[in-house]
Amino acid sequence: MKIGLVLLLFVDSSVVVGEVVLDFSKDCPQFFAKPNGQVSPPTVFPGNQYRQICQRQANQKMSEFATLYDTANRIPVYSAYEYVGRAPCNRMDVWYIEPQLDDQNKGPDMQSDTSSTLPKPPRGNNQALNEDYVNSGYDKGHLYSVFHTNKQSCADSTFTLTNAAPQNPPFNRGQWRKMESDVVEIFRSKCSQNRAYVVTGVVPSTGNTKILVKNRVNVPSHFWSAYCCLDNNNQSISSGGYLAPNSNQMPTNVTVNILEQRLTKLYAINFVLFGGMC
Ligand SMILES: *[C@@H]1O[C@H](CO)[C@@H](O)[C@H](O)[C@H]1NC(C)=O
Ligand SMILES: *[C@@H]1O[C@H](CO)[C@@H](O)[C@H](O)[C@H]1NC(C)=O
């Protein structure tokens with residue numbers, strides 16, 4: 001009996017590589033920059049409304065990126081990942097949800113919204129579903145961009161509704177996409193080994209503007225992104241950020257420090273990126 005319990009605990013802790021977790025800087029630290037050797041996730045907002053996710057696909061042993069999710073607004077706050085170069089991937093356009101947000105007893109992997117084994121409700125209580133976006137006039141704007149992935153499992157895993165927020169379609173396909181492509185050029189020319197830590201997020205609209213179809217999902221007022229590249233001694237060698245309203249305007253190119261100041265105002269909470277070390 002005792003041995004069984006010990007084994008169970010052992011197995012349990014060894015499979016915690018993806019899912020809703022208490023502390024993603026411990027469970028999936030690989031997605032956060034480590035300037036000066038310190039794991040430095042962006043500010044995690046307090047309260048049970050915000051859930052930390054190590055994003056994992058079924059049949060993949062490892063998680064692919066991390067997300068802080070806002071269950072009240074049903075949009076992410078941000079997704080964090082390491083850019084390691086890009087490779088052409090197929091867009092399967094199967095959208096996933098995170099079952100554990102609605103039922104903590106569910107498994108750690110994301111599930112496709114349509115074939116989910118979780119009945120509705122509770123499915124959707126704490127997250128957006130496909131139906132929220134249908135005929136909404138908004139794109140499901142990726143935070144971790146498909147364009148920044150380098151393998152198919154990774155590309156597939158970005159198609160989770162927990163990595164998406166309602167985005168103005170011309171913006172998603174226009175100026176924001178251009179930024180995602182410009183920044184790849186910066187990584188290639190300024191970062192060691194073409195690697196960069198990236199965090200991309202949104203700011204919920206203060207007037208609580210929602211997608212009108214079901215009136216459940218907040219339409220963010222702003223999209224932002226920041227990156228930090230480290231050298232072999234864990235020192236920042238290149239960093240920067242972008243901020244744009246959710247309309248098709250060119251994102252403002254800012255330093256990480258200026259972005260932190262703007263986000264601190266917009267979120268009305270002290271917001272730190274990369275531990276203030278990039
Ligand atoms: C860089 O940080 C990593 C992760 O904390 C650490 O393992 C490594 O020893 C550090 N390298 C240097 C040269 O400081
Ligand atoms: C911001 O713009 C300047 C001037 O165009 C450019 O040199 C710099 O690399 C840009 N920085 C970022 C973070 O895009």
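Counting starts at 1 for both ligands and their atoms, in listed order.
Counting atoms of ligand 1 from 1 in the listed order, those under 4.0 Å from a heavy atom of G37 are 2 (O), 5 (O).
When side chains are defined from C-beta on, N208 counts as touching N218, because their heavy atoms get closer than 4.5 Å. Side-chain contact check for F187 versus Y227: some heavy-atom pair is nearer than 4.5 Å.
Using a 4.0 Å threshold on non-hydrogen atoms, atom 5 (O) of ligand 1 counts as touching the protein.
Of the protein's non-hydrogen atoms, N234 ND2, 3.2 Å is the one closest to atom 14 (O) of ligand 1.
At a 4.0 Å heavy-atom cut-off, ligand 1 touches N232 through the backbone alone.
Taking the six-membered ring for Trp and the full ring otherwise, F31 and F65 have centroids separated by 6.0 Å or more. Annotation: F24 is in aromatic contact with F32 [ring centroid separation under 6.0 Å].
Cys pair C228/C278: SG-SG separation is below 2.5 Å.
Taking distance alone, with nitrogen or oxygen atoms compared against 3.5 Å, K34 stays at or beyond that limit from ligand 1.
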